[in-house]
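Everything numeric in this text was worked out from a predicted model, so none of it was measured. Residue numbers count from 1 along this sequence. When reading the values below, keep in mind they use all heavy atoms of this one structure, side chains included, and skip hydrogens, waters and symmetry mates.
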Amino acid sequence: NTSIFVTELHGKGLHVIHKSIGTGLFIFMCWSAVAPAMAAEDTSKLKAALATLLPGTTPDSIKPSAIAGMYEVTFGATVLYMTQDGRYLLRGDLIDAERGENLTEAARSQARLKIINAIDETSMIVYAPKKVKHTVTVFTDPDCGYCRKMHSAMQEYNKRGIKIRYVAFPRSGVDTPSYEKSVSVWCAKDRAAAMTRAKGGAEIVKKTCDDPVRRHLQAVREIGISGTPTLILEDGSLIPGYVPAERLAEVLDEHKGGS
């Protein structure tokens, strides 16, 4: 059986109903309920329900989904589905069974790209080969063991034409030793060399400046990243954890070929 959560809103009360439906019915829904995008309609009730459910927040987008009567609502890279009247809210992956396509993941990928593209590359620490074949954005922590393992193979990534762009994610949070180390690295005259020293275990001279670390942490929250290293590919796909250079090159070629 496939389980889904249906959220029913009654005024200010939130009641979560767990329903279990058979796989056959689920497939039927995927095949028969998919409809062309709806014309622009009144979403005032939907917005009011969201304001009650998530006070103080504003969705990044509200648009018709592939299912008639349902809207796709995004907060950063979080994708939800809600009925026009604001009564039902679904959280889960919407699959186009005919095409075998995960529509929700496609929406997440586009949202991730939007967040990443809003970060100026000059605020990142970049290790690029002479001839760039692929670009990977990596959320990294100088004290993370697997981040250090990945960094030690930087020449292998570059040799395969992979440009690595580091974005700061000190997992311990603001005003912690890892956070201060990240700030010091980003404030160094030679950021790339400072990162190499930090990930090699060397002491880093403490520095402060108008650094981008807090802005990078905002992107972490928007995307919903919880660990390091986290890789964001050129198509917005997310890969959690360390991936050896040879395997990453294969994955990137596969994604490029499938785009």
*Atom CD1 of I62 and atom CG of L50: how far apart are they, to the nearest 0.5 Å?*
5.5 Å
*Are the side chains of R165 and I116 in touch, meaning some heavy atoms are under 4.5 Å apart?*
yes
*Do H134 and E234 have side-chain N/O donor and acceptor atoms under 3.5 Å apart?*
yes
*Specify the closest pair of heavy atoms between A168 and V220, including all atoms of both residues, with the distance to one decimal.*
O-CG2, 4.3 Å
*asked:* Quick test of your reading of the model: are E254 and R247 salt-bridged, counting only N-O distances below 4.0 Å?
replied: yes
*asked:* Looking at Y88, is its backbone amide N or carbonyl O close enough to the side chain of T83 to form a donor-acceptor pair, meaning the two atoms are under 3.5 Å apart?
replied: yes
*Work out which heavy atom in I115 is nearest to a heavy atom in A219; give both atom names and the distance.*
CG2-CB, 3.8 Å
*Tell me the side chain to side chain donor-acceptor pair (under 3.5 Å) pairs involving residues 183-194, sequence neighbours left out?*
none
*Rounded to the nearest 0.5 Å, what's the gap from NE2 on H216 to CD1 on I225? Could you check?*
11.5 Å
_Which atom of T104 lies closest to which atom of G92, heavy atoms considered_ = OG1-O, 3.5 Å
*Begin from the C-alpha positions of F169 and D141 and carry the test side chain to side chain contact (heavy atoms under 4.5 Å, CB included) through to its verdict.*
CA-CA 5 Å; F169 179 19; D141 181 335; 5.6 Å; no
*Heavy-atom donor-acceptor pair, D96 side chain to N102 backbone, under 3.5 Å*: no
*Which residue pairs pass the ring pair (Phe, Tyr, Trp, His ring centres under 6.0 Å) test with at least one member in residues 224-247, sequence neighbours excluded?*
none
*Mind checking what makes side-chain hydrogen bond (donor to acceptor under 3.5 Å, both in side chains) contact with D175, not counting sequence neighbours?*
none
*Dump the intermediate steps for side chain to side chain contact (heavy atoms under 4.5 Å, CB included) on Y81 and R91, then the final yes or no.*
CA-CA 6 Å; Y81 299 96; R91 181 170 185 176; over 6 Å; no
Tell me which donor-acceptor pairs under 3.5 Å the side chains of residues 196-203 have, and how far apart each pair is, sequence neighbours excluded?
residue, atom, partner, partner atom, Å
T196, OG1, H151, NE2, 2.9
T196, OG1, A192, O, 3.2
K199, NZ, T140, OG1, 2.6
K199, NZ, Y166, OH, 3.3

*Taking atom types as modelled and ignoring hydrogens, do the side chains of R221 and Q218 form a donor-acceptor contact shorter than 3.5 angstrom?*
yes
*M154, L231: one ILVMFWY side-chain cluster at the under-4.5 Å cut-off?*
yes
_Is there a path of hydrophobic side-chain contacts, each under 4.5 Å between heavy atoms, that joins V132 and I164?_
no
_Between D60 and G76 (side chain of the first, backbone of the second, donor and acceptor by atom type, cut-off under 3.5 Å), is there such a pair?_
yes
*Is there a path from V138 to L113 through hydrophobic residues (I, L, V, M, F, W, Y) whose side chains come within less than 4.5 Å of each other?*
no
*Does the side chain of D235 pick up a donor-acceptor pair with the side chain of S109 at under 3.5 Å?*
no
*Determine, stepwise, if the pair L233 / I239 fulfils side chain to side chain contact (heavy atoms under 4.5 Å, CB included).*
CA-CA 8 Å; L233 309 189; I239 300 178; 3.9 Å; yes
*asked:* Per the disulfide bond (SG atoms under 2.5 Å apart) rule, what does the pair list look like for residues 77-145, sequence neighbours excluded?
replied: none
_Approximate separation, where rounding is to 0.5 Å, of T230 OG1 and F139 CZ_ = 8.0 Å
*Distance-only donor-acceptor check, side chains R215 and S123, under 3.5 Å*: no
_Residues E121, K163: salt bridge by 4.0 Å N-O rule_ = yes
*So which heavy atom on R112 is nearest to which on A77, and how close?*
CG-CB, 4.0 Å
*Salt bridge check: are R171 and D143 linked by an N-O gap of less than 4.0 Å?*
no
*L90 side, atom CG; S65 side, atom OG - distance, nearest 0.5 Å*: 9.0 Å
_Do L217 and L238 sit in one hydrophobic cluster, given that two such residues count as connected whenever their side-chain heavy atoms are within less than 4.5 Å of each other, even indirectly?_
yes
*Considering only heavy atoms from C-beta outward, does the side chain of I162 approach that of K133 to under 4.5 Å?*
no
*asked:* Rounded at 0.5 Å granularity, tell me how far CE in M82 sits from NZ in K45.
replied: 12.5 Å
List the atom pairs, with distances to 0.1 Å, where a side-chain N or O of residues 206-213 and a protein N or O form a donor-acceptor pair under 3.5 Å, not counting sequence neighbours.
residue, atom, partner, partner atom, Å
D211, OD1, V213, N, 3.0

_S178 backbone acceptor or donor facing S182 side chain under 3.5 Å_ = yes
_Does Q155 have more than 12 heavy atoms from other residues, nucleotides or ligands lying within 6.0 Å of its CD?_
no
*asked:* Within the supplied structure, the quantity of interest is the number of heavy atoms (other residues, nucleotides, ligands) at a distance under 6.0 Å from F75 CZ; does it exceed 12?
replied: yes
*With a 4.5 Å limit on heavy-atom distance, are the side chains of L252 and V136 in contact?*
yes
*asked:* How close do Q84 and D42 get, counting heavy atoms only, and between which atoms?
replied: NE2-O, 2.8 Å
*H255 versus S237: any side-chain heavy-atom pair under 4.5 Å?*
yes
*Among T137, I223, I125, I232, side-chain contact (heavy atoms from CB on, under 4.5 Å) partner for V167*: T137
*Any idea which heavy atoms bring V243 and L248 closest together, and the distance?*
CG1-N, 3.6 Å
*State the CD1-CD distance between I95 and E105, to the nearest 0.5 angstrom.*
9.5 Å
*Taking the side chain as every heavy atom from C-beta outward, state whether L46 and D85 have any atom pair closer than 4.5 Å.*
no
